[in-house]
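Accompanying notes for the structure given below.
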Amino acid sequence: MRHRPAVLTAATALAGALALAGCSDSGSGSSKAELSVSGPYIPQPVSADMAAGFLTITNKGGTQDELTGVTSDAAGQITMHSTTGGAMREKRSFAIPAHGQLVFKSGGNHLMFERLKHQPKQGQTVTVKLTFAKSGSLTVEMPVKSATYNPSTGH
């Protein structure tokens with residue numbers, strides 16, 4: 001039993017050092033936004049000049065960022081919209097909270113592809129560039145799904 005207090009003291013000191021190291025690592029490692037995109041898609045448009053787009057942007061980092069722009073060679077312009085209480089409103093940017101998500105889904109926030117250069121068909125993909133205030137840009141391939149596609153059911 002003579003060595004037990006020394007072992008406990010060493011273990012306590014090691015745990016304290018690891019906790020302090022963890023604090024400094026998590027502070028520097030998560031001090032910026034860490035963005036990724038999932039579930040991107042465009043329902044096949046019924047109009048020849050306009051389409052909607054949906055996706056989820058996840059931020060695993062410790063700093064908020066903002067989606068400030070969306071571009072694609074497939075459209076003359078892409079605008080961002082929020083929908084609240086059935087009313088659609090164009091927005092210049094969307095916040096992506098630290099350790100959170102920004103969701104673009106049918107009936108909610110969405111992208112509007114305006115002045116389409118060609119009408120995307122099911123099975124094709126559309127390349128989109130997302131621009132962020134702090135993180136630069138991400139290029140995303142958005143598959144064109146059926147006009148009635150619902151990601152929760154897979155059709």
Side-chain angles (χ1 to χ4, degrees), residues 15 17-155:
L18 289 173
L20 288 175
C23 287
S24 65
D25 283 347
S26 67
S28 63
S30 67
S31 65
K32 63 179 186 168
E34 295 176 26
L35 305 176
S36 62
V37 174
S38 61
Y41 75 97
I42 297 172
Q44 182 172 307
V46 294
S47 164
D49 63 348
M50 193 174 292
F54 308 104
L55 52 86
T56 298
I57 302 169
T58 300
N59 181 359
K60 292 184 179 179
T63 299
Q64 174 178 299
D65 205 340
E66 279 184 89
L67 177 62
T68 57
V70 184
T71 57
S72 175
D73 290 342
Q77 177 180 352
I78 302 175
T79 55
M80 300 180 285
H81 295 90
S82 64
T83 304
T84 307
M88 185 173 76
R89 189 175 65 134
E90 186 174 335
K91 294 188 72 170
R92 293 193 179 278
S93 66
F94 276 93
I96 307 147
H99 307 291
Q101 291 185 324
L102 169 59
V103 178
F104 289 94
K105 64 181 183 177
S106 183
N109 300 334
H110 60 279
L111 304 175
M112 288 302 301
F113 292 74
E114 301 169 22
R115 299 190 316 266
L116 291 173
K117 296 178 181 174
H118 63 84
Q119 188 175 4
K121 302 289 184 201
Q122 184 175 342
Q124 296 177 334
T125 59
V126 173
T127 303
V128 175
K129 181 179 173 185
L130 306 173
T131 303
F132 302 94
K134 297 175 183 170
S135 300
S137 62
L138 285 174
T139 300
V140 177
E141 295 294 325
M142 298 184 77
V144 180
K145 302 288 190 174
S146 72
T148 58
Y149 176 75
N150 180 344
S152 63
T153 63
H155 338 40

Value rounded to 0.5 Å, distance of CE in Met80 from CG in Leu67: 4.5 Å

side-chain contact (heavy atoms from CB on, under 4.5 Å) between Val144 and Val126, intermediate numbers included: CA-CA 7 Å; Val144 180; Val126 173; 4.1 Å; yes

Interatomic spacing from CG in Leu35 to CD in Gln101 - rounded to 0.5 Å: 11.5 Å

Counterpart residues, side-chain contact (heavy atoms from CB on, under 4.5 Å), relative to Arg89 (two or more places apart): Ser82, Lys91

Ser146 and Gln122: side chain donor to acceptor below 3.5 Å: no

All side-chain contact (heavy atoms from CB on, under 4.5 Å) counterparts of Ala95, not counting sequence neighbours: Gln64

Pairing residues for Tyr41 by the ring pair (Phe, Tyr, Trp, His ring centres under 6.0 Å) criterion, not counting sequence neighbours: Phe54, Tyr149

Separation of His118 NE2 from Asp73 CG (nearest 0.5 Å): 9.0 Å

Partner residues of Ser36 under the side-chain contact (heavy atoms from CB on, under 4.5 Å) criterion, sequence neighbours left out: Thr58

Interatomic spacing from NZ in Lys32 to OG1 in Thr63 - rounded to 0.5 Å: 10.0 Å

Test log, rule side-chain contact (heavy atoms from CB on, under 4.5 Å), inputs Thr79 and Glu114: CA-CA 8 Å; Thr79 55; Glu114 301 169 22; 2.6 Å; yes

Worked check of side-chain contact (heavy atoms from CB on, under 4.5 Å) between Thr56 and Val37: CA-CA 6 Å; Thr56 298; Val37 174; over 6 Å; no

Point-to-point distance, once rounded to the nearest 0.5 Å, from CG of Leu130 to OG1 of Thr71: 8.0 Å

Which atom of Ser137 lies closest to which atom of Lys129, heavy atoms considered: OG-CE, 3.4 Å

Chi angles and distances behind the side-chain contact (heavy atoms from CB on, under 4.5 Å) call for Asp49, Arg115: CA-CA 5 Å; Asp49 63 348; Arg115 299 190 316 266; 5.9 Å; no

For Ser72, all residues meeting side chain to side chain donor-acceptor pair (under 3.5 Å), sequence neighbours excluded: none

Non-hydrogen atoms of Thr125 and Pro143 that approach each other most closely: CG2-CA, 3.9 Å

Side chain to side chain donor-acceptor pair (under 3.5 Å) against Asn59, all qualifying residues, sequence neighbours excluded: none

Pairs involving residues 59-90, ordered by first then second residue, that meet ring-ring contact (aromatic ring centres under 6.0 Å, His included) (sequence neighbours left out): His81-His110

Non-hydrogen side-chain atoms of Gln44 and Lys145 separated by less than 4.5 Å: no

Val70 to Ile78 - nearest heavy-atom pair and separation: O-CB, 3.5 Å

side-chain contact (heavy atoms from CB on, under 4.5 Å) partners for Ala51, two or more places apart: Ile42, Pro45, Phe113, Leu116

Side chain to side chain donor-acceptor pair (under 3.5 Å) evaluation trace for Glu66 with Ser93: CA-CA 6 Å; Glu66 279 184 89; Ser93 66; 2.8 Å; yes

Donor-acceptor pair, side chain of Asp65 and main chain of Phe132, under 3.5 angstrom: no

Closest non-hydrogen atom pair, Ser135 against Ala33: OG-CB, 3.6 Å

Partner residues of Thr127 under the side chain to side chain donor-acceptor pair (under 3.5 Å) criterion, sequence neighbours left out: Glu141

By side chain to side chain donor-acceptor pair (under 3.5 Å) - contacts of Gln124 (at least two apart): none

Distance in Å, Ile57 CD1 paired with Leu102 CG, rounded so as to fall on 0.5 Å steps: 5.0 Å

